[in-house]
Amino acid sequence: IRGGEQDVYGSAVNATIFTGSQVVESGGVANGTVVSGGALEVLSGGLAHPTVIYSGGVEVISAGGTDLGAQISGGEQDVSGLASGATIFAGTQVVESGGLASGTIVSGGEQDVLGTADGTTISGGSQVVEASGTASGTMILSAGLEIVSGTDAAARISGGTQLDYGLASGVIVFSGVQVVEAGGTASGTTVDSGGTDILAVGGTLLDVTLNSGATLEVFGTVSGVVVSNGATFIVESGAVASATTILSGGIESVTAGGSDEGAGISGGAQLDFGVASGATIFTGSQVVEAGGTASNTIVSGGTLEVLSG
């Protein structure tokens, strides 16, 4: 197709669009269309599979339209209907409000979500969940990036990075990192061995679970963290932690300029380089390091050790 328009009510096989357009009407099927320029339009009731979209090409899937298995290699797919099983090598998939992308693989380029994305796998490139967008079941592999300004549920981070400016719930960090940015909220995050959770100033972290080998690094304010066996909790300069529980084998490090209020130490260790107030030692230890200050500590068991300086 070079400049004209093909309207498909039946079946079109292996068309190539250089300029102009192919319009798949209700009941129509476009099989193997290559969009190297111009546009493929899939209207309500129409079906395209599998489409290849190169740089300069655009596929528009209207509400009620469907595309299965598209390969995006530099062009753009705009989804107001359903796109299932797409792979983004380069270019962009834009999931519009009311649109649904299911099972997209992002190996390069970007998935921009204003509607709904379900089961995206990010092995390179990025998924951007806009303020109006919702993502669920995203898998973030090494070199993958998810940026959440809207809502994300049940992401799995395996070597990649999630930057949360919106609401992220039920995330599991197997490896890699979740960063809860200013204005963002993370609820019910679980951090496994090799994973890191970072709470920035102005972010909110609720009900985090730290398994053995996990690291939580806080620059803002957090309450109620439970530091389990083998986990590490770092309270950075300017940060405030309260009602921390440190279990056997767990370590909390309060750095210079950081503070912890009302920790309960039950077998683990609190290393205090900053300010620790109102801690209770049941078992385990509080170690006041050089430059650190501890006030109103209650020793009902365990050890309070004050080092030189």
Got a list of side-chain donor-acceptor pairs under 3.5 Å for residues 220-239, not counting sequence neighbours?
{"unit_1": "Ser223", "atom_1": "OG", "unit_2": "Ser242", "atom_2": "OG", "d": "3.2"}
{"unit_1": "Ser228", "atom_1": "OG", "unit_2": "Leu210", "atom_2": "O", "d": "2.2"}

Name the atoms and distances for all side-chain donor-acceptor pairs under 3.5 Å in residues 184-198, with sequence neighbours left out.
{"unit_1": "Thr189", "atom_1": "OG1", "unit_2": "Gln178", "atom_2": "OE1", "d": "3.1"}
{"unit_1": "Asp192", "atom_1": "OD1", "unit_2": "Asn211", "atom_2": "ND2", "d": "2.6"}

Table please: side-chain donor-acceptor pairs of residues 143-153 below 3.5 Å, with sequence neighbours left out.
{"unit_1": "Glu146", "atom_1": "OE1", "unit_2": "Gln162", "atom_2": "NE2", "d": "2.8"}

Distance-only criterion, 3.5 Å: show the donor-acceptor pairs between side-chain atoms of residues 16-23 and protein atoms not counting sequence neighbours.
{"unit_1": "Thr19", "atom_1": "OG1", "unit_2": "Gly3", "atom_2": "N", "d": "2.7"}
{"unit_1": "Gln22", "atom_1": "OE1", "unit_2": "Thr33", "atom_2": "OG1", "d": "2.8"}
{"unit_1": "Gln22", "atom_1": "NE2", "unit_2": "Gln6", "atom_2": "OE1", "d": "2.7"}

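Distance OG/Ser259 to CG/Asp272: 10.0 Å, rounded to 0.5 Å. One distance of note links CG of Leu68 with CG of Leu47; it measures 5.0 Å at 0.5 Å rounding. From Leu43, atom CG reaches atom OG of Ser26 across 8.5 Å, with rounding to the nearest 0.5 Å. Note: Ile140 CD1 to Thr161 OG1 = 8.0 Å, rounded to the nearest 0.5 Å. Going from atom CD of Glu96 over to atom CG of Asp78 covers 5.5 Å, rounded to the nearest 0.5 Å. Rounding to the nearest 0.5 angstrom, the gap separating the OG atom in Ser36 from the CD1 atom in Ile53 is 11.5 Å.
Connectivity analysis of hydrophobic side chains (ILVMFWY, heavy atoms under 4.5 Å, direct or indirect) links Leu307 to Ile251, Leu271, Phe273, Val287. As a member of the Ile/Leu/Val/Met/Phe/Trp/Tyr network built from side-chain separations under 4.5 Å, Ile298 groups with nothing else and remains a singleton. Clustering of Ile, Leu, Val, Met, Phe, Trp and Tyr side chains at separations under 4.5 Å leaves Val275 isolated, with no partner residue. Membership of an apolar cluster is not assigned to Val240, as no side-chain contact below 4.5 Å to another ILVMFWY residue is traced.
For the side chain to side chain contact (heavy atoms under 4.5 Å, CB included) with Val218, the lone residue among Val180, Leu199, Asp260, Val208 that qualifies is Leu199.
The closest side-chain heavy-atom distance from Val129 to Asp112 is not below 4.5 Å. With contacts defined as side-chain heavy-atom distances shorter than 4.5 Å, the pair Gln93/Val79 qualifies.
Taking the side-chain hydrogen bond (donor to acceptor under 3.5 Å, both in side chains) definition, one finds that Asp164 meets it with nothing, sequence neighbours left out. For Val299, the side chain to side chain contact (heavy atoms under 4.5 Å, CB included) criterion is met by Ile281, Thr297, Leu304, not counting sequence neighbours.
Following chains of ILVMFWY side-chain contacts shorter than 4.5 Å, one can reach Ile1 starting from Val35, so the two form part of one hydrophobic cluster. Clustering ILVMFWY residues whenever any of their side-chain heavy atoms sit less than 4.5 angstrom apart, transitively, puts Ile246 in the very cluster that holds Val288. Both Val177 and Val201 are members of a single hydrophobic cluster when ILVMFWY side chains are connected at heavy-atom separations under 4.5 Å. Cluster membership check: Ile265 shares its hydrophobic cluster with Val306, using side-chain heavy-atom separations under 4.5 Å among Ile, Leu, Val, Met, Phe, Trp and Tyr. Tracing side-chain contacts under 4.5 Å through hydrophobic residues (I, L, V, M, F, W, Y), one reaches Ile122 starting from Val173; they form part of the same cluster.
Counting only distance, with no hydrogens or angles, the side chain of Ser175 and the backbone of Gly159 share a donor-acceptor pair below 3.5 Å. When atom types are taken as modelled, the side chain of Ser132 and the backbone of Leu114 share a donor-acceptor pair closer than 3.5 angstrom.
Residues Leu40 and Ala48 share a closest heavy-atom pair of CD2-CB, 4.2 Å. Ala200 approaches Ala182 most closely through the heavy-atom pair CB-N, 4.3 Å.
Under the side-chain hydrogen bond (donor to acceptor under 3.5 Å, both in side chains) criterion, the residue pairs touching residues 114-124 are Gln111-Thr120, Asp118-Ser136, Thr120-Gln127, with sequence neighbours excluded. The list of side-chain hydrogen bond (donor to acceptor under 3.5 Å, both in side chains) pairs with a residue in residues 39-65, not counting sequence neighbours, reads Thr51-Asp67, Glu59-Gln77.
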Test side-chain contact (heavy atoms from CB on, under 4.5 Å) on Ile88 and Thr104; report intermediate values, then the result. CA-CA 8 Å; Ile88 309 171; Thr104 299; 3.9 Å; yes
Checking Val171 against Ile157 for the side-chain contact (heavy atoms from CB on, under 4.5 Å) test, could you report, in this order, the C-alpha distance in whole Å, the side-chain angles of both residues, the deciding distance, and whether it holds? CA-CA 8 Å; Val171 175; Ile157 305 174; 3.8 Å; yes
